[in-house]
Amino acid sequence: MVDCKDSCGNPGNDSRGKREAEEKLKEITESKALADRMGKIKHKIMILSGKGGVGKSTVAANIAVALAKEGKKVGILDSDFHGPSIPTLFNIEMERPVSDGGSMIPVNSANGIKVMSMGFFLQNPNDAVIWRGPMKMNVIKQLLTEVNWGEIDYLIIDFPPGTGDEPLSVAQLIPGLDGAVIVTTPQDLSLNDVRKCISFCGQVHVPVLGVLENMSGLVCPTCKTIIDVFKKDGGEKMAKEMNVPFLGKIPLEPKIVEASDSGKPFLYHYAETEAAKAFAEAVKPIVTMKEKAIAEPVDIPEVKGDAADFKIAIPVVEGHLSAHFGHCEEFVLFDVDREGKKIIKETRLPAPPHEPGLLPVWLKEKGAHMIIAGGMGSRAQGLFAENGITVVVGAASGNPENLVADYLNGNLQSGDNICDH
Ligand code: ADP
């Protein structure tokens, strides 16, 4: 067949269409692979800090250790392109992940923690990596898609300091992150940047699990007086002011430096120190986090209606699926082509006043064939059925476009924040 080109020699509609279809197929395959991988991990936690050098990677590594000590299966992803330090903290810098068919197997540390780090891919640890935002996003996507963690309880994700491309990519790529731990030191200069981290979490809808104040005072080895090297209680005050949980304070402890430099995870090797005890106490809310089931695919009822002219309604609050469908701010109505697996049009409709029984009739008038909801009681489901609208119930919170794309690709996952009224 002759490849069709226009008068300027550019690919014509046929080859452009073919390319677009190939790209779409690739995107769909990748997003399914990503959902499959992430669906096998019960908890995903980001470790953030406003500034470098406050102990973020140390905290990330030791949260992983605290969890492993409790018998949890743990993975740690070091997404710091510019200063990956997790391999050093576990003394596995010389190891390399192996590939297994289409996937990569993370390196197993001596403590049974699975580790994947950008550091494994640098020829020389002193190499400077100059990568722009979209390249980082692609590499992070590839790591999330191709690394085979297996079924694990926790994935701890370490980032470079700040709220740049790396945490933004992860927040966009992984639906249902449990939240972020924000590490700071007590002085004002660090705290200003923590406020930015908290506001970033709000913008990307990632819950703040808590602020952890590190390097908080030094116990004098001779007189045992606490010397507040970097001021006092700043992280705690700021957490209160910003209305986020405060996890606790870890003092300055020379053995932490020793442990880090020699690749002996601090919590394993110095469990008797005051700093290790403070650490274990601070990370308790994470270690004892409510057990979340591995996400299951949502049951999709049999759907009637024309595959090429189909409308899906999503109840939304603050840009995300509303768990209380009757109290949402707006509905986003998607015209979709179910066969071509694509969204054709998106219409935002302010929600009508909250009146029992009104929503099914109103959505029928708007032409909806299906509603994807977090939770819904059986009475409401019956009313939708009477109006010819299929109800998909039990979807995990997420942004409406992603939920519809997941539905179209058969990847819709269940959540646990379900309301049935
Ligand atoms: P970040 O990831 O924020 O850049 P790191 O975790 O690499 O910070 O820690 C920076 C340095 O501070 C490391 O040498 C580490 O061993 C040390 N450190 C971290 N927390 C403490 C602490 N509580 N007491 C003493 N040294 C610490």
Side-chain angles (χ1 to χ4, degrees), residues 43-64 66-67 154 156-164 167-168 170-171 176-219 225-253 256 266-267 273-290 292 317-320 323 397 417:
H43 299 285
K44 296 126 200 156
I45 296 172
M46 301 167 101
I47 314 293
L48 301 174
S49 72
K51 286 215 178 302
V54 299
K56 177 187 41 56
S57 298
T58 307
V59 167
N62 282 286
I63 286 182
L67 290 163
Y154 286 82
I156 306 296
I157 312 169
D158 189 24
F159 292 97
T163 51
L168 180 63
V170 167
L177 280 166
D178 288 75
V181 170
I182 303 173
V183 184
T184 183
T185 47
Q187 75 272 40
D188 295 340
L189 209 65
S190 277
L191 295 173
N192 287 336
D193 289 320
V194 174
R195 290 188 183 89
K196 285 186 205 153
C197 285
I198 295 174
S199 122
F200 164 82
C201 288
Q203 285 170 37
V204 294
H205 299 279
V206 171
V208 175
L209 297 173
V211 170
L212 197 152
E213 187 179 297
N214 190 27
M215 307 189 183
S216 180
L218 169 74
V219 184
T225 315
I226 294 178
I227 308 160
D228 292 312
V229 184
F230 297 125
K231 290 180 89 177
K232 202 173 171 229
D233 300 335
E236 187 167 11
K237 284 187 197 137
M238 195 266 324
K240 210 174 262 173
E241 175 197 310
M242 301 284 290
N243 204 18
V244 295
F246 181 67
L247 294 171
K249 301 173 201 175
I250 317 290
L252 271 162
E253 166 58 69
I256 292 187
F266 176 67
L267 277 191
T273 58
E274 287 309 310
K277 287 179 194 160
F279 201 98
E281 195 55 36
V283 300
K284 235 183 207 163
I286 294 154
V287 178
T288 56
M289 215 172 220
K290 195 173 126 251
K292 237 195 199 172
V317 73
E318 289 182 357
H320 275 56
S397 177
N417 183 18

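Numbering of residues begins at 1 and proceeds along the displayed sequence. Quick caveat: nothing in here was measured; it's all calculated off a predicted structure.
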To the nearest 0.5 angstrom, please state how far the [atom1] atom of [X] sits from the [atom2] atom of [Y].
X: Leu209; Y: Met46; atom1: CG; atom2: CE; result: 11.0 Å
X: Leu67; Y: Thr288; atom1: CG; atom2: OG1; result: 10.0 Å
X: Leu247; Y: Glu281; atom1: CG; atom2: CD; result: 11.0 Å
X: Lys51; Y: Cys197; atom1: NZ; atom2: SG; result: 10.0 Å
X: Thr58; Y: Ile256; atom1: OG1; atom2: CD1; result: 7.0 Å
X: Ser49; Y: Asp158; atom1: OG; atom2: CG; result: 8.5 Å

Keeping Tyr154 on the side-chain end and Ile63 on the backbone end, is there a donor-acceptor pair under 3.5 Å?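 No.
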Val244/Cys201 under side chain to side chain contact (heavy atoms under 4.5 Å, CB included): CA gap, chis, key distance, verdict: CA-CA 11 Å; Val244 295; Cys201 288; over 6 Å; no
In the structure I gave you, are the side-chain heavy atoms of [X] and [Y] within less than 4.5 Å of one another anywhere?
X: Lys237; Y: Lys240; answer: no
X: Ile286; Y: Ile45; answer: yes
X: Met238; Y: Arg195; answer: yes

Do Val59 and Phe279 pass the side chain to side chain contact (heavy atoms under 4.5 Å, CB included) test, and can you show the C-alpha distance, the side-chain angles, and the key distance before you say yes or no? CA-CA 9 Å; Val59 167; Phe279 201 98; 4.0 Å; yes
Taking it one step at a time, do Thr184 and Leu212 satisfy side chain to side chain contact (heavy atoms under 4.5 Å, CB included)? CA-CA 6 Å; Thr184 183; Leu212 197 152; over 6 Å; no
Inspect the contact between Asp178 and Lys44 and indicate whether a charged nitrogen and a carboxylate oxygen are less than 4.0 angstrom apart.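 A salt bridge is absent here (no side-chain N lies under 4.0 Å from a carboxylate O).
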Of all heavy-atom pairs between [X] and [Y], which one has the smallest distance, and what is that distance?
X: Glu213; Y: Gly235; value: OE1-N, 2.7 Å
X: Gly53; Y: Met215; value: O-CE, 3.3 Å
X: Pro245; Y: Ala239; value: O-CB, 4.1 Å
X: Leu267; Y: Ala276; value: CD2-O, 3.6 Å
X: Val54; Y: Val183; value: CG2-O, 3.7 Å
X: Ile47; Y: Ala60; value: CG1-CB, 3.8 Å

What I want to check is whether the side chains of Thr185 and Asn214 have a donor and an acceptor closer together than 3.5 Å.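 Their side chains do not contain a donor-acceptor pair, so the 3.5 Å distance test is not met.
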Under 6.0 Å from the CD atom of Glu318, do we count more than 12 heavy atoms belonging to anything else shown?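 Not more than 12 within 6.0 Å, no.
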Lys196 atom NZ, over 12 foreign heavy atoms within 6.0 Å: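 Open: at most 12 neighbouring heavy atoms sit under 6.0 Å from NZ of Lys196.
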Applying side chain to side chain contact (heavy atoms under 4.5 Å, CB included) to Ile182 and Ile198, what does each step give before you reach the verdict? CA-CA 8 Å; Ile182 303 173; Ile198 295 174; 3.7 Å; yes
